[in-house]
Amino acid sequence: MTTLRQRKGSKGKEPSPAAELQSQQHNCCSEHHPEKILHGDWSWGAIIWTSVGWSVSVGLGLLCCIYVATLHENDLWFSNIKEVEREISFRTECGLYYSYYKQMLHAPSIQEEMIHDNLTESKRTINLLQRMNIYQEVFLSVLYRLLPIQSYLEPVYFYIYTVFSLQAVYVIALYLTAWLLSGSWLAGALTGVWYILNRVDTTRVEFTISLRENWSLPFLALQVAAITCYLRPQLITLQQVMVWLMYVTTFCFCLTWQFNQFILLVQALVIYTLDCGDFLTTTQVTTLYLVQVSSLLSVWFLQFCNSMILGSLVLSFIVAALFIRHCQPGVKTGSLVVRLGKVLLHSALVLLLTVTINYLAKKALQLQSDEHIFKFIKSKFALGSTRDFDASLYLCEEAFGLLPLDTLERLAGTLLLYPYVMTQQEVERGQVAAFRPDVAYNLLHTLFYGLLAFSTMRMKYIWTGHMCAVAAYGVCGTELWTVLLSALRCNTKLLVRLRLVRYVVPVVMIGFLYYKFWPKLMEELSELREFYDPDTVELMTWISTKTPKQAVFAGSMQLLAGIKLCTGRVLTNHPHYEDKDLRERTRQVYQVYARRSPEEVYDILKAIGADYVVLENSICYERRHRRGCRLRDLLDLANGHIMDGPGEDDPDLVPATHPRFCDAIKTDAAAYNTLFTRTFQNKTFHVYRLKKKRKKNTKGSSEPSVTQ
C-alpha cells in the first residue's frame with residue numbers, strides 16, 4: 001500500500017516521487033483556499049481569487065433558487081390560477097403545514113391558535129407546537145405581518161420564495177464544503193452544477209414546497225460545512241466560532257423536521273466510527289456529541305417537553321457511547337488484533353447500553369409516538385408482522401422502497417457517480433482519511449447516508465446533495481491526483497502539472513456538462529403547463545359555501561389536509577402521523593373503505609365527532625398499487641378478511657359478511673340511507689352527512705332510528 005507520510009531520506013538521496021508529491025500537497029491545496037485570508041494573507045491575488053469564489057457560490061445558489069421557482073411557476077401557472085387552486089396545489093401534508101401559516105396570518109395570539117388548538121382534530125385540544133414541527137410557519141407569519149411588504153407581495157409568495165431561497169443556502173453550503181475539502185472553489189462550482197443537473201434526485205422542492213425536509217436539509221448542509229471547518233487543524237483559532245455555528249445549524253435542523261433524531265443517529269454513528277478508528281481527538285468527539293445533545297434538548301424545551309425527543313435512540317446512543325468511552329479509555333492501544341478485539345467489545349457494550357437506556361426511557365415516558373417507524377423497519381427487513389396496518393402503509397409506497405437502479409444511471413449520466421465511487425474507494429484504501437479528519441468525516445458521512453438511501457428511496461435527498469460535494473472534492477482535490485500519479489510512478493518533474501490537472505479537469509467537465517445539458521434545461525424551462533383539478537376545486541368550493549364552519553369532516557389523510565387549508569373545517573385525522581391515538585383514529589376512519597356494516601361505520605364516525613364523510617373513487621376502486629398494497633387490501637388484511645380480486649390469500653383469512661362500504665353506500669339501500677344522506681358528488685368525490693340518531697327507537701325495529 002502506497003504511503004503518503006513524509007519520510008526522512010538519507011543524506012544525498014533523492015526523495016521518492018510519492019514523498020515529493022506529498023510534500024507539495026499542502027502548498028498546492030491551500031494556494032486558493034478560503035481559509036488563506038483568515039491566516040493573514042491579504043495579498044491582492046488571494047483577495048481577488050477568494051472574492052471570485054464567493055461570488056460564484058452566491059451566483060450558483062441564486063441560479064438554483066430561480067430554477068426551481070421557474071419550474072414551479074411553469075408547472076402550475078401559479079401566478080394565474082385562483083387562490084383555492086393555489087392551495088389545492090399544496091398536496092397531502094404540505095397543505096396541512098401551510099394551513100398553519102395561513103391561520104397564523106390572522107391569529108390574535110400564538111397561545112390561542114397554536115398551543116390550545118381545537119380546529120385540527122375533532123373532540124381534542126392539542127398543542128401544535130409540541131406535536132408538530134411548525135415553528136417555521138409561525139416565524140414566517142409573524143415576519144410577514146411585521147415587514148412592510150403586504151401591499152406588493154402576497155402571503156403565499158412570501159412563503160414559497162422563502163423555501164426556494166433555502167435552496168440557494170443549500171447549494172452555497174455544499175459549495176463551501178467542497179471548497180474546504182479540495183482547496184479550490186472550482187470544486188464548489190462543480191458541486192453546484194451537479195446539484196442543479198441532478199435536480200430529480202437532489203430535491204423535490206418545486207412540487208413539495210412545505211415538506212419538512214425542504215426546510216431542514218439546507219441547515220444540515222450548513223452543519224456539515226461547519227463540521228468540516230471545525231475538523232481542519234489549520235483553523236484552530238476559529239474552532240470556538242465553529243462550535244457555535246454547529247450548534248445553531250443543528251438546532252435549526254432539528255426544529256424544522258420531526259425525523260431529526262433518526263438523521264442525527266446516523267451522524268452519531270459516523271462520529272463513533274471515526275472515534276474507533278482514531279481519526280478524531282477526544283475533545284472533537286465529545287464536542288460533536290454534545291452539540292447534538294444540546295441541540296436536541298433545546299428543541300425539546302421549545303416543543304414543550306416533547307417526550308419523543310427524550311426517548312430518541314440518538315440520545316440513548318450518545319449517553320451510552322460517552323459512558324463506555326469513559327469506562328474504557330484504552331480502546332485504541334495495543335496491536336491491530338488487540339485493538340480490533342477491544343473495539344468489538346466496546347461496540348457491543350455501547351449497543352447493549354443504548355438498547356437498555358432507550359427501553360427504560362420509553363417505559364418511563366410511556367412513549368409510543370414513534371413506534372410505527374420501528375414497526376416499519378421490522379417489517380421492511382422481515383423482522384416482524386407484515387400485516388400491521390401502519391407499517392404496510394409505508395411499505396406499499398414506492399418512496400419507502402429500495403433505491404431504484406435508474407437513479408444510478410441518471411447520476412452516471414451527469415458524470416457524478418464515477419468520481420464519487422473513486423473517492424469512496426479511498427476509505428477502503430485508507431490513504432486520504434488517515435491524514436485528513438475533515439475528509440474522513442465527509443467520506444463516512446456520505447457512505448452512511450448512501451446506505452440509508454439505498455434502503456429507503458425517500459432518504460436519497462439527504463445523500464445525493466452531499467454526494468455532489470464529495471465527488472467534486474475527488475476531482476479537484478490534490479490527494480486523489482497524488483495517489484494516481486504515485487501509482488503511475490510519475491517523474492517528480494511532473495509535479496508542476498498537478499496544479500494544472502486539478503484546474504483543467506473540472507473546467508473541462510463543466511464545459512462538457514454545459515454542452516450536453518444546457519439545451520435540455522432550456523427545453524425543460526420552456527414547457528408550460530397549468531393546474532387542472534376541477535373536481536377538487538368543486539368539492540372545496542361546496543364545503544366552503546354549503547357546510548357550517550364548525551363542521552367536522554372525515555376521510556383520507558391526504559384529502560383532509562387540503563380541506564383544512566382550503567376551508568378551515570375541523571378534521572377527524574390528518575397526515576402528521578407521529579401520534580399513536582391519531583394513527584388508531586385514522587385506521588378507524590379508513591373503515592369506510594373496508595367491508596363493514598353501515599351501523600359499524602356510523603358508530604365509528606360518530607364516536608370521533610364526524611358530521612360529514614368524503615369518499616374518494618380513486619381509493620375505493622384503486623388500481624395504482626398491486627393486490628395486497630391497495631388501501632382496501634390493507635384494511636381487509638387488518639380485519640382478517642379475504643382481499644378483492646384473483647390471487648392467493650393466507651389460510652386464516654375469511655370472507656367478509658358485509659359488502660365494501662364505500663361501494664355499497666352508493667346503491668342507496670335502506671340500511672345506508674337510514675344513517676347517511678348524500679349531500680355532494682362528482683366524478684371523483686362523494687360526500688355523505690351523518691344523520692342524528694333518536695334517543696329511543698320503536699319496539700321491535702331492528703334498524704336504528706334517525707332524524708335528518
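All values reported here derive from a predicted model rather than from experimental measurement. Just so you know, these numbers use all the heavy atoms, side chains as well, and skip hydrogens, waters and symmetry mates.
- Between Phe454 and Trp463, the distance from one ring center to the other falls under 6.0 angstrom.
- Looking at Tyr101 and Ser210, their side chains never bring a donor and an acceptor atom within 3.5 Å of each other.
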**Request:** Could you give me the CA-CA distance, side-chain angles and deciding distance for Glu524 and Tyr67, then say whether side chain to side chain donor-acceptor pair (under 3.5 Å) is met?
**Result:** CA-CA 10 Å; Glu524 182 183 29; Tyr67 176 46; 2.5 Å; yes
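- Using modelled atom types and a 3.5 Å distance limit, the side chains of Ser556 and Tyr590 yield no donor-acceptor pair.
- Using a 4.0 Å cut-off between a side-chain N of Lys or Arg and a carboxylate O of Asp or Glu, Lys375 and Asp370 do not qualify as a salt bridge.
- Taking the charged nitrogens against the carboxylate oxygens, Asp406 and Arg410 do have a contact shorter than 4.0 Å, which makes a salt bridge.
- For the pair Lys580 and Glu371, the salt-bridge criterion is met [side-chain N within less than 4.0 Å of a carboxylate O].
- Within the model, atoms CG of Asp579 and CZ of Arg131 stand 3.5 Å from one another, a figure rounded to the nearest 0.5 Å.
- Ion pairing between a basic and an acidic side chain is recognised when a charged N comes within 4.0 Å of a carboxylate O; Glu137 and Arg212 show such pairing.
- Judged by distance alone, the side chains of Tyr420 and Thr446 do bring a donor and an acceptor atom under 3.5 Å apart.
- When all heavy atoms of Ile172 and Ser57 are compared, the closest pair comes out as CG1-O, 3.4 Å.
- Defined by atom type and a distance below 3.5 Å, a donor-acceptor pair is missing between the side-chain atoms of Asn198 and Thr464.
- For the residue pair Gln103/Tyr98, the side-chain donor-acceptor check at 3.5 Å is not satisfied.
- Heavy-atom minimum distance, Thr256 versus Asn133: C-CB, 3.9 Å.
- Within 6.0 Å of atom CZ in Phe374, more than 12 heavy atoms from other residues, nucleotides or ligands are found, so the atom counts as buried in its surroundings.
- Here the two rings, on Phe376 and His372, have centers that are 6.0 Å apart or farther.
- A cation-pi geometry, defined here as NZ or CZ lying under 6.0 Å from the six-membered ring centre and within 45° of its normal, holds between Arg86 and Phe78.
- Atom CD of Glu398 has 12 or fewer heavy atoms from other residues, nucleotides or ligands within 6.0 Å.
- Remark: Ser369 engages Met308, Leu367 in a side chain to side chain contact (heavy atoms under 4.5 Å, CB included) (not counting sequence neighbours).
- Considering OH of Tyr577 and CD1 of Ile373, their distance stands at 12.0 Å, rounded to 0.5 Å.
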**Message:** Set out, in order, the CA-CA distance, both residues' side-chain angles and the distance that settles side chain to side chain donor-acceptor pair (under 3.5 Å) for Ser298 and Tyr247, then state yes or no.
**Reply:** CA-CA 10 Å; Ser298 299; Tyr247 165 75; 2.7 Å; yes
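- Residues Asn214 and Tyr461 bring no donor and acceptor atom of their side chains to less than 3.5 Å of each other.
- Aromatic ring orientation, Tyr449 versus His445: tilted (interplanar angle from 30° to 60°).
- A donor-acceptor contact closer than 3.5 angstrom is absent between the side chains of Gln284 and Tyr441.
- Not a single salt bridge (charged side-chain N to carboxylate O under 4.0 Å, His left out) links Glu93 to another residue, sequence neighbours left out.
- Using a cut-off of 4.0 Å between Lys/Arg side-chain N and Asp/Glu carboxylate O, Glu206 and Arg204 are scored as not salt-bridged.
- Between Glu397 and Arg458 no salt bridge is recorded (no basic side-chain N to carboxylate O distance below 4.0 Å).
- In summary, the side chains of Thr250 and Gln292 do not present any donor paired with an acceptor at a separation below 3.5 Å, with no hydrogens or angles considered.
- The aromatic rings of Trp179 and Tyr175 lie perpendicular to each other, with more than 60° between the two planes, well past the 30° mark.
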